[in-house]
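In each ligand, atom 1 is the first atom listed, and ligand 1 is the first ligand listed. We count residues from 1, following the sequence as given.
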Amino acid sequence: MGHDDVQVTVYTPEDAPLGLFGTQATVAVGHDLEEAGVQAETGVYVAEDPQDPARLILHPGERTLDAERVRGAAARGRAWSARASANARGFVPTDLHGRVPDVDVVWAAGDAIAFPVKQGGLASQQADAAAESIAAHAGAELEPRPYRPVLRA
Ligand SMILES: Cc1cc2nc3c(=O)[nH]c(=O)nc-3n(C[C@H](O)[C@H](O)[C@H](O)COP(=O)(O)OP(=O)(O)OC[C@H]3O[C@@H](n4cnc5c(N)ncnc54)[C@H](O)[C@@H]3O)c2cc1C
């Protein structure tokens, strides 16, 4: 965007950015980051200093994260807590597309949700419904199908 004086660094506990997705993804995203001048520091995670919530610490090593702006999946005050949405029995309510009501863009599937039967096959079907709903939300051209439980022996 023409801001050559901005340094962006990604901190991730993974061994490589997108490491979970395998070598092909790691190489591809590594190339993109390098091309964009984005640095990546792996094997670290960021936490708030319990004594001073304004300070962010990089673990291991307890270095201070010195940055003007910090964006994170668990950014302070904005992280979604499953516990906050859970029903009285501790399960997360969802609609038939896996979407958690009254929370902005959060989906859930599997044993954690309030569906009364806990089973691996059903958990996968819930995840499929949630994936289609997420894809549609992200702009994919598809009509997301609702979860329709089918028990297979
Ligand atoms: C003994 C037993 C036998 C079963 N047999 C069958 C069977 O034969 N067929 C069948 O279909 N189903 C079976 N099930 C049910 C099936 O295992 C579950 O329905 C299914 O695994 C649910 O998938 P899930 O992804 O929702 O949860 P899980 O498979 O439980 O996955 C949740 C994951 O989240 C991780 N996790 C938890 N907390 C955190 C955290 N704070 N941070 C990061 N990670 C976290 C856990 O380590 C775990 O890996 C069986 C269950 C049990 C207990």
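Residues Ile134 and His97 have side chains not in contact (no heavy-atom distance under 4.5 Å, counting atoms from C-beta outward).
If you look at His137 and Trp107, their ring centroids are closer than 6.0 Å.
For Asp15, the CG atom is loosely surrounded, since the number of other residues' heavy atoms within 6.0 Å does not exceed 12.
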Only distances under 3.5 Å count here; give the side-chain donor-acceptor pairs of residues 20-40 to other protein atoms, sequence neighbours excluded, each with its distance to 0.1 Å.
unit_1, atom_1, unit_2, atom_2, d
Thr26, OG1, Gly22, O, 3.0

List, for ligand 1, each N/O atom that has a protein N/O partner under 3.5 Å away, with both atom names and the distance.
unit_1, atom_1, unit_2, atom_2, d
ligand 1, 11 (O), Gln119, NE2, 3.2
ligand 1, 11 (O), Gly120, N, 2.9
ligand 1, 11 (O), Gly121, N, 3.4
ligand 1, 12 (N), Gly120, N, 3.0
ligand 1, 19 (O), Asp111, OD1, 2.7
ligand 1, 19 (O), Asp111, OD2, 3.3
ligand 1, 19 (O), Gln119, N, 3.3
ligand 1, 19 (O), Gly120, N, 3.2
ligand 1, 26 (O), Asp111, N, 2.8

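The ring pair (Phe, Tyr, Trp, His ring centres under 6.0 Å) check on Phe91 picks up nothing, with sequence neighbours excluded.
The side-chain hydrogen bond (donor to acceptor under 3.5 Å, both in side chains) pairs that include a residue from residues 114-130 are Gln126-Tyr147, where partners are two or more places apart or lie in different chains.
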